[in-house]
There are 4 protein chains.
Amino acid sequence: MPTAKVAFAIFFGETMRAYILPAFRLTSRFRCVQCGMNYMTESDDSGADSKIYNIDSVTVSEKPIRDPESTRERILDAALSVFSHKGYHDARLDEIVAESRTSKGSIYFHFPNKERLFLALVEKFADLLERRITEAIDQHTSPMAKVEAALEACLETFGRYRRPAKVMLVHAAGLGNIFEEKRLEINERFARLIHVYLDEAVAAGEIEAGDTDVIAYAWMGSIYHLTIRWVYSGEPAPARIVRTLVPTLLHSVNYRLGPERLPSAGHSAKAKQS
Amino acid sequence: MPTAKVAFAIFFGETMRAYILPAFRLTSRFRCVQCGMNYMTESDDSGADSKIYNIDSVTVSEKPIRDPESTRERILDAALSVFSHKGYHDARLDEIVAESRTSKGSIYFHFPNKERLFLALVEKFADLLERRITEAIDQHTSPMAKVEAALEACLETFGRYRRPAKVMLVHAAGLGNIFEEKRLEINERFARLIHVYLDEAVAAGEIEAGDTDVIAYAWMGSIYHLTIRWVYSGEPAPARIVRTLVPTLLHSVNYRLGPERLPSAGHSAKAKQS
Amino acid sequence: MPTAKVAFAIFFGETMRAYILPAFRLTSRFRCVQCGMNYMTESDDSGADSKIYNIDSVTVSEKPIRDPESTRERILDAALSVFSHKGYHDARLDEIVAESRTSKGSIYFHFPNKERLFLALVEKFADLLERRITEAIDQHTSPMAKVEAALEACLETFGRYRRPAKVMLVHAAGLGNIFEEKRLEINERFARLIHVYLDEAVAAGEIEAGDTDVIAYAWMGSIYHLTIRWVYSGEPAPARIVRTLVPTLLHSVNYRLGPERLPSAGHSAKAKQS
Amino acid sequence: MPTAKVAFAIFFGETMRAYILPAFRLTSRFRCVQCGMNYMTESDDSGADSKIYNIDSVTVSEKPIRDPESTRERILDAALSVFSHKGYHDARLDEIVAESRTSKGSIYFHFPNKERLFLALVEKFADLLERRITEAIDQHTSPMAKVEAALEACLETFGRYRRPAKVMLVHAAGLGNIFEEKRLEINERFARLIHVYLDEAVAAGEIEAGDTDVIAYAWMGSIYHLTIRWVYSGEPAPARIVRTLVPTLLHSVNYRLGPERLPSAGHSAKAKQS
DNA sequence: CATGAATGAGACTTCATTCAT
DNA sequence: AATGAATGAAGTCTCATTCAT
């Protein structure tokens, strides 16, 4: 009775795995983390045989061929592309595999399932959006100026990242209760941000008192809606949205823009010609 | 004497007679043309032979009669219920079958597929909404009063029909490109409605000129967003939304409410206590 | 408690059936076999009410409106059309309903199921074919002349009834074991017919002795195959088939055609130019 | 001592060691590159930990190894079996799944749908048939000898591969227009083959001129028909078919067999006694 | 006899996920 | 870490057949 003869041994982290080579590609390169040497597999086309050679000099690309980080990024990029074009349910893992030039197994190594892959995308964009808005707010002291800055930063970010915005605003809706919670949670984050500064503005006497809670959500809605429309139809252009929406929202709480803005106030017929 | 309670009553000349017809099944349903009520025959299994009885009373069954229209309605009702609870993709045809007390085949007899069943629901609600808004508008003459009335009708309708609203506003989003078109088409319908009256208001000098196109969409967004929130979380209550949102939106175009409303203007701290 | 009031009573053969009219067409005519009078139903568009009138003079079409025979024929015609175009499995009862201008129930009244409807078609054609061949055979006395006549009659009938032939030859194949038996049974019928006369011809010394059983099936196959081809592709034309096939088959058993045919024997280059 | 019989053997330098790797499942399969045999590891459920053993023998499992090619073959084998017994429409994917010991998904991984799985089978047999016939033809020089050889090869192949023949000849018929095209295309291929050599025989003066196109199809039909009959009823036996059919067809074009065949010519009463 | 809405078993197919390599 | 063949539960939809009218 024959003894099984091993063909190849590789260490992944702490786990050792052994392979019989025929299933491998013709030329795969590995470095044994135990002995520190590089190996290259070789197999003839007849497929049955395989050899192992020690390799001392291997040209190493800056980023190693198998780079977890870049793989993860490639997957996220591909997922963003597919999700934004097809929506969550119509997006097939196979399409993401094809576009990311990885494999199904690879996706499931980096993400536990389709849902979490999608949520990773949503969260990534929400984080970016929050960072941008926070930065904008920090550059102002007057509460109302902060609100205005937040508004502009929000619209500007949506405008710049059209595809992720589509995923977050459109496709994240109506995906069933699991997703809805996430979406509401993120909405809450931003609505509360506006809410806080509106309340500060009331306290500072910059605007009249009102149901700032409701107003914050109303603002969110306006921003969302116009952005979605632009994402889908390409109209109205982001610049035109900003020009009209910022003064309109500020008006809605009876806030008069500072003199430096008044001359070019959105409420003029010219604005429409953009 | 057989246990069959009743079978069928026919007038021959002046004589009324009751038959149990051999070809009849256990449960045959008839509608009395005199009183308009539905009846169901009853016969025991042994009732193979046709008998004649004089009869003057029948046992009435509760079971609904076979009626295409009512079947269609039952399906739509069940679909509304299931879609609004589970969302489009998580809704199973089997659940709709169970809830409608019909059959899979019956659903596919009345609707070509799941998608069209869903869209039928969306359209039904959109029609209702439009009807309500149009009715409200027609009762006013001043353009701005029309806008205000439309706003209130819209919120009121959403408030009254919470479940269909959920289907139309939430689940219709993110369903892939097929549905998105429909949703945008309906949005367009209502945005344009607002748009028209805003423009009239500008022409009548009631509000300043502005980019009314953008403003119409911003309004839509505010309404949508707050309604979705309410549909999901139960907050804020519709009454509170109306109280704050209507004046806020009107302010956003620099429209001053008439004197009869000013005292109770939404922009007061009290409003928040609802 | 109300008494059910009857609206209408009709006798079908021995069975009496009673109807509440609203479901009926506006004008239906019936004759009561009991009282011998004609009735006409009437209902208003609102649909709920119905009346009964005695009618003494009714214009009766030559063939009564409801004529079982013509209905059955219409169904068979439509079935032939649909089956021959789509094949058995791709033929939908609904299509046959549409083309026959009857109803599903009507088809199921005249035929127990789809299978038997199809077989009725096959048998109808098989009967026709047998009749034609028998007629042709009866006009000759010499065994070999009978064979020749049968051959020609067979090809001629296939040629004239292209659509039923398609159903019988093509679609009746590969339909599963139920149909296969029928098909083999019919084949047998015709092969045996040929067989008998071939044996007679052998006995009469007109042809050499041989395995006439195998030869009979071989002949059947030739005829079938060429006819199927013609049915599908329109080539070769029936006339050309007859001209070549008859002498070829006769040659195959070493039978020399009589002198009146020899000059125009199929085995000449000219035959090909048809 | 654990009950695990073997796990894995690896050479480190000259030392052979066996591992049970924690990550390994109960059944891992390997192929020995030395002897080319397949092995399967075995471990008990308690075997959570990695152990090392020296080892020189392994238990061999009968279970087939995961191998795309063999899976595809298993599916084709199972499909052939089921299709030939039940016919195309009565064949259930589930039966093929059961018989192939794979899964529904696996079938759909290797074939896009049921139709293409069936056609793969048809084509496979058609290729085989063509190969056999071509090989037979190549061994002769005289055109008529080629025809004769082709005829015999055809019948012999049908005879040897009864099941695929059944699929191709019987079940491929009457499957609707999609399949019919394929079937006609394949028929054409073989008819044309016969046609070419008949024409050569005419040119070589071995047989008289005639409508060789029609004759080729007539021959096809004879072969088909007799084979189908044999496939279904087991009669007449292939040997008997060959013995009678070949001379009969050759007679049909007035070809006289060489003297070495004449004594045992099919056209004798004895032939029938097979 | 005729009608057609209703039925429901069962078919094919999809696709997220697994797992041996 | 990477691969992709394999899995199978679950889904939508079809369509011959029934049956109350």
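Proteins come first, then strands; the chains are lettered A, B, ... in the order of their sequence lines, and each starts at number 1. All values below come from the heavy atoms of this structure, side chains included, with hydrogens, waters and symmetry mates left out.
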Distance check: side-chain N/O of C/Thr71 vs OP1/OP2 of E/dA2, anything under 4.0 Å?
-> yes

Rounded to whole angstrom units, what separation is found between the CZ atom of C/Phe118 and the C1' atom of F/dA16?
-> 16 Å

Derivation and outcome, side-chain contact (heavy atoms from CB on, under 4.5 Å), residues D/Leu76 and D/Glu73 = CA-CA 5 Å; D/Leu76 281 171; D/Glu73 281 310 308; 4.1 Å; yes

Expressed in angstrom and rounded to an integer, what is the separation of D/Glu73 atom CD from F/dA6 atom P?
-> 12 Å

Excluding sequence neighbours, so at least two apart, what forms ring-ring contact (aromatic ring centres under 6.0 Å, His included) with D/Phe118?
-> D/Phe83, D/Tyr88, D/Phe179

Between F/dT7, E/dA2, E/dT7, which nucleotide has the shortest distance from any of its atoms to the side chain of B/Thr102?
-> E/dT7

Quick one: side chain to side chain contact (heavy atoms under 4.5 Å, CB included) partners of B/Phe109, sequence neighbours excluded?
-> none

Using Watson-Crick and G-U wobble pairs with both distances under 3.5 Å, what is the 5'-to-3' dot-bracket string of DNA chain F, with [ ] for crossing pairs and | for pairs outside the strand?
-> .||||||||||||||||||||

Separation of F/dG8 atom P from D/Ile96 atom CD1, nearest Å, is 17 Å

Closest-nucleotide ordering on DNA chain F, the 5'-leading residue of A/Ser106 and D/Ser106 | A/Ser106

Atom-to-atom span, CD1 of C/Ile107 to P of F/dC15 - whole angstrom | 15 Å

note: C/Arg72, atom CZ; E/dC1, atom C1'; distance rounded to Å ~ 15 Å

Are D/Ile96 and D/Leu117 side-chain neighbours, meaning at least one heavy-atom pair lies under 4.5 Å?
-> yes

Quick one: side-chain hydrogen bond (donor to acceptor under 3.5 Å, both in side chains) partners of C/Asn113, sequence neighbours excluded?
-> none

Residues at least two apart in sequence or cross-chain that pass side-chain hydrogen bond (donor to acceptor under 3.5 Å, both in side chains) with B/Lys114, listed by chain then number, are none

Which residues satisfy the side-chain hydrogen bond (donor to acceptor under 3.5 Å, both in side chains) test with B/Asp94, sequence neighbours excluded?
-> B/Lys104

Those residues at least two apart in sequence (or on a different chain) that pass salt bridge (Lys or Arg N to Asp or Glu O under 4.0 Å) with A/Glu95 are A/Lys86

To the nearest angstrom, the CD-P distance between B/Glu95 and F/dA10 comes to 13 Å

Taken to the nearest whole Å, CZ/A/Phe109 to P/F/dA2 is 7 Å

Once each nucleotide of nucleotides 9-16 of chain E is scored for protein heavy atoms under 4.0 Å, what B/S/- sequence comes out, 5' to 3'?
-> -BSSBBSS

Can you tell me the distance, in whole Å, between the NZ atom of B/Lys86 and the P atom of F/dA10?
-> 13 Å

What pairs with D/Ser100 under side-chain hydrogen bond (donor to acceptor under 3.5 Å, both in side chains), at least two apart in sequence or on another chain?
-> D/Thr102

